[in-house]
**Q** 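After the structure tokens below, expect a handful of questions from me.
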Amino acid sequence: MQHLAEGLRLPTNGLDYAILAIYFAVVLGIGFAARASVKTSLDFFLSGRSLPAWVTGLAFVAANLGATEILGMAATGAQYGVAVVHWYWIGAIPAMVFLGLVMMPFYYGSKVRSVPEFLLQRFDRSAHLLSSVLFAFAAILIAGVNLYALSIVVEALLGWPQWLSIVVAGFFVLAYITIGGLSSAIYNEVLQFFVILAALIPLTILGLKRVGGWDALTGSLEQSHGENFLTAWGGTGIGDPNPLGANWLTIILGLGFVLSFGYWTTNFAEVQRALSAKNLSAAKRTPLIAAYPKMLIVFLVMIPGLVAAVLVPKIGTPGSDLTYNDAIPLLMQELLPNGVLGIAVTGLLAAFMAGMAANVSSFNTVFTYDIWARYVKKGRDDRYYLRFGRLITAIGVLCSIGTAFLASSFSNIMGYLQTLFSFFNVPMFVVFIIGMFWKRASMKSGVWGLLAGTTAAMVNYFVVYKQGVIDIPSEQGANFVSAIVGFVAGAVVMVVVTLFTAPKPEAELAGLVYGTTSPGMEEAPSEGDDAWYRKPALLGWGAIVLAAACYIPYSF
């Protein structure tokens, strides 16, 4: 991401800063309130598995409302038009439903405390250790992206130096996670969800009003950008040129299947929220409840991007100092009065802090349980691991501050994140999906599948794409292709290795392979009624149907 335009400063006043101060005070207050419930390491890392579904559901979607969601997706709307809906209705909803209905019974029922721990049970220690190291590394890199994005926004909007923005935001995230653990992070994410909505809804409404309504907006964009700008699939035929640099096949396979399922089903920053639910039914409903606001949030980031393309025709054009990443800040400067402006700035900060907190809280869990307690300091008492969890949280935040400056070397944070997902999430997904649905998959196939998938995705990106071996039109297109290549390579290697190595004993696969059950996968007793919102299958299919219905106006 490039720095926001040098002259872009918001006319903030004392009222706006007061709102910001109140928000930070509430964030720390929630951390201190949650501290009373943290008595064991399970309380610190997984909230004691005690939270209701509506809390974990909102935290699940808020954990994803980070840098890419607010700035990145609005920028995508300004640059590519309504094609941004692909990242939601193809690139999120189906995978979230799959996680809730198919994968959560395995995660929650097996009583694992992290995603890598599931691989330990299904494969062996080598697969577990490699996945733990890869995930911990990726979590710190992604947390750094959120810190960097926050810093350049604050630098441009409020005038703070970039290093100060990074340090201050890192301190607050460190404070409330260290004090209150995952419960603090989750309850703050619920708060942040509503603060973010309070920032985006006025921006969307006032933006539409400024351009004369939806009809005037679409008419102006069709005249200036062409009709394909207002359709989801326009120009995506194989061989047809389009700004996205991807055709319908790579969108469906690369984004809709591999990247999407790889992120939503194996990214512990998300899965951790569901694992903190109070029973299996609540865990299954967590991503399904999150799917409903997720499919509607696209309008709150897409429409401001479209409005910016009309109000600021020079945005993103050669010779202009305004990049597509300026879309949201430009509209805030242009449309919002003081007070509402303070809420909007607070919403942006909340978004970045939510994204960082999600990754830091998942990092400390994986590092403590899956690396330190398993391979370094075994058999210590629970208080030791609770203290170490707080220490590694501080170390993780410091490392995130370092990777925030690494992220500054990339021209686009959204492309950077998609690259990381293709490297780390996709290989883990292929190992999960084959191990979960193929009983014969051997113990050694897991680690070799991870290695092959990660290596193939990196070779495709750094050699095939960056060195121009094959002409791929854009970085986003290259990420889609890298995801497909990583998935195929991991799957092929797993099959080959399985043919020459021993399978896991069938008695040890109960509850780990589809079609088998264990006592932990039994449903919890009913909570008192048969209301529709307690039925995960109904919630899931409802989300799919609603997302499909939303897609119709954008498909033609």
**Q** CG of Leu203 to CD1 of Ile70: how many Å apart, nearest 0.5 Å?
**A** 10.0 Å
**Q** Hey, are the side chains of Leu341 and Gln333 touching, using non-hydrogen atoms and a 4.5 Å cut-off?
**A** no
**Q** To the closest 0.5 Å, what do you measure between CG (Leu306) and OH (Tyr80)?
**A** 14.0 Å
**Q** About how many Å separate CD1 of Ile201 and CG of Leu206, when rounded to the nearest 0.5 Å?
**A** 11.5 Å
**Q** For the residue pair Arg285 and Pro536, what are the closest heavy atoms and their distance?
**A** CG-CG, 3.8 Å
**Q** Is the shortest heavy-atom distance from the side chain of Thr266 to the side chain of Val271 under 4.5 Å?
**A** no
**Q** Take Trp87 and Val301 through the test side-chain contact (heavy atoms from CB on, under 4.5 Å) and record every step on the way to the result.
**A** CA-CA 12 Å; Trp87 273 267; Val301 291; over 6 Å; no
**Q** Tell me if a side-chain donor or acceptor on Trp89 pairs with a main-chain N or O of Met295 at a distance below 3.5 Å.
**A** yes
**Q** Tabulate below the donor-acceptor pairs under 3.5 Å that side-chain atoms of residues 253-262 make, not counting sequence neighbours, or state none.
**A**
from, atom 1, to, atom 2, distance (Å)
Ser260, OG, Gly91, O, 2.9

**Q** How close do Ser422 and Thr419 get, counting heavy atoms only, and between which atoms?
**A** OG-O, 2.7 Å
**Q** With Leu296, which residues qualify under side-chain contact (heavy atoms from CB on, under 4.5 Å), at least two apart?
**A** Phe299
**Q** Considering all heavy atoms of both residues, which atom of Asp16 and which atom of Gly339 are nearest to each other, and what is their separation?
**A** OD1-N, 2.7 Å
**Q** Rounded to the nearest 0.5 Å, how far apart are CG of Leu58 and CZ of Arg273?
**A** 12.5 Å
**Q** Taking all non-hydrogen atoms of both residues into account, name the closest pair between Ala74 and Ile328 and its distance.
**A** CB-CG1, 3.5 Å
**Q** With a 4.5 Å limit on heavy-atom distance, are the side chains of Val298 and Met73 in contact?
**A** no
**Q** According to side chain to side chain donor-acceptor pair (under 3.5 Å), who are the partners of Ser482, at least two apart in sequence or on a separate chain?
**A** Asn460
**Q** For a side-chain contact (heavy atoms from CB on, under 4.5 Å) check, start with the C-alpha distance between Ile93 and Lys294, then their side-chain angles and the critical distance, and finish with the verdict.
**A** CA-CA 8 Å; Ile93 304 304; Lys294 179 68 177 177; 4.1 Å; yes
**Q** What pairs with Ile343 under side-chain contact (heavy atoms from CB on, under 4.5 Å), at least two apart in sequence or on another chain?
**A** Ile19, Ala198
**Q** Holding to side-chain contact (heavy atoms from CB on, under 4.5 Å), I want the full list of residues that pass it with Val211, two or more places apart in sequence or in another chain.
**A** Leu217, Val307, Val310, Leu311
**Q** Just so I know, are the side chains of Val115 and Phe135 near enough to count as touching, which here means a heavy-atom distance under 4.5 Å?
**A** no
**Q** Assess the residue pair Ile289 and Phe60 against the criterion (side-chain contact (heavy atoms from CB on, under 4.5 Å)); give the C-alpha distance rounded to whole Å, side-chain angles, the decisive distance to 0.1 Å, and a yes or no.
**A** CA-CA 9 Å; Ile289 290 171; Phe60 189 97; over 6 Å; no
**Q** Using the ring pair (Phe, Tyr, Trp, His ring centres under 6.0 Å) criterion, which residues pair with Tyr263? Sequence neighbours excluded.
**A** Phe421
**Q** In the structure I gave you, are the side-chain heavy atoms of Ile297 and Phe193 within less than 4.5 Å of one another anywhere?
**A** yes
**Q** Run the numbers on Val97 and Leu288 for side-chain contact (heavy atoms from CB on, under 4.5 Å), then give the verdict.
**A** CA-CA 6 Å; Val97 171; Leu288 305 178; 4.1 Å; yes
**Q** Any side-chain heavy atom of Ile142 sitting closer than 4.5 Å to one from Leu420?
**A** yes
**Q** For Phe98, is the CZ atom crowded, meaning more than 12 foreign heavy atoms sit under 6.0 Å from it?
**A** yes
**Q** Which residue pairs satisfy the salt bridge (charged side-chain N to carboxylate O under 4.0 Å, His left out) criterion with at least one member in residues 261-271, sequence neighbours excluded?
**A** none
**Q** Could I get the full list of side chain to side chain donor-acceptor pair (under 3.5 Å) partners for Thr393, not counting sequence neighbours?
**A** Asn364
**Q** About how many Å separate CD of Gln79 and CD1 of Ile315, when rounded to the nearest 0.5 Å?
**A** 9.5 Å
**Q** Can you give me every donor-acceptor pair (side chain of residues 20-27, partner residue at least two apart or in another chain, under 3.5 Å) with its distance?
**A**
from, atom 1, to, atom 2, distance (Å)
Tyr23, OH, Gln192, NE2, 3.0

**Q** Which distance, rounded to the nearest 0.5 Å, do you find between the CG of Asn479 and the CZ of Phe423?
**A** 7.5 Å
**Q** Any side-chain heavy atom of Ile303 sitting closer than 4.5 Å to one from Trp214?
**A** yes
**Q** Check Ala78 against Ala327 and note the closest heavy-atom contact, atom names and distance.
**A** CB-CB, 4.5 Å
**Q** With sequence neighbours excluded, what pairs up with Thr286 under the side chain to side chain donor-acceptor pair (under 3.5 Å) test?
**A** Thr56
**Q** Would you please name every residue forming a side-chain contact (heavy atoms from CB on, under 4.5 Å) with Ile90, sequence neighbours left out?
**A** His86, Trp233, Tyr551
**Q** What are the two closest heavy atoms between Val426 and Ala483, and how far apart are they?
**A** CG1-O, 3.4 Å
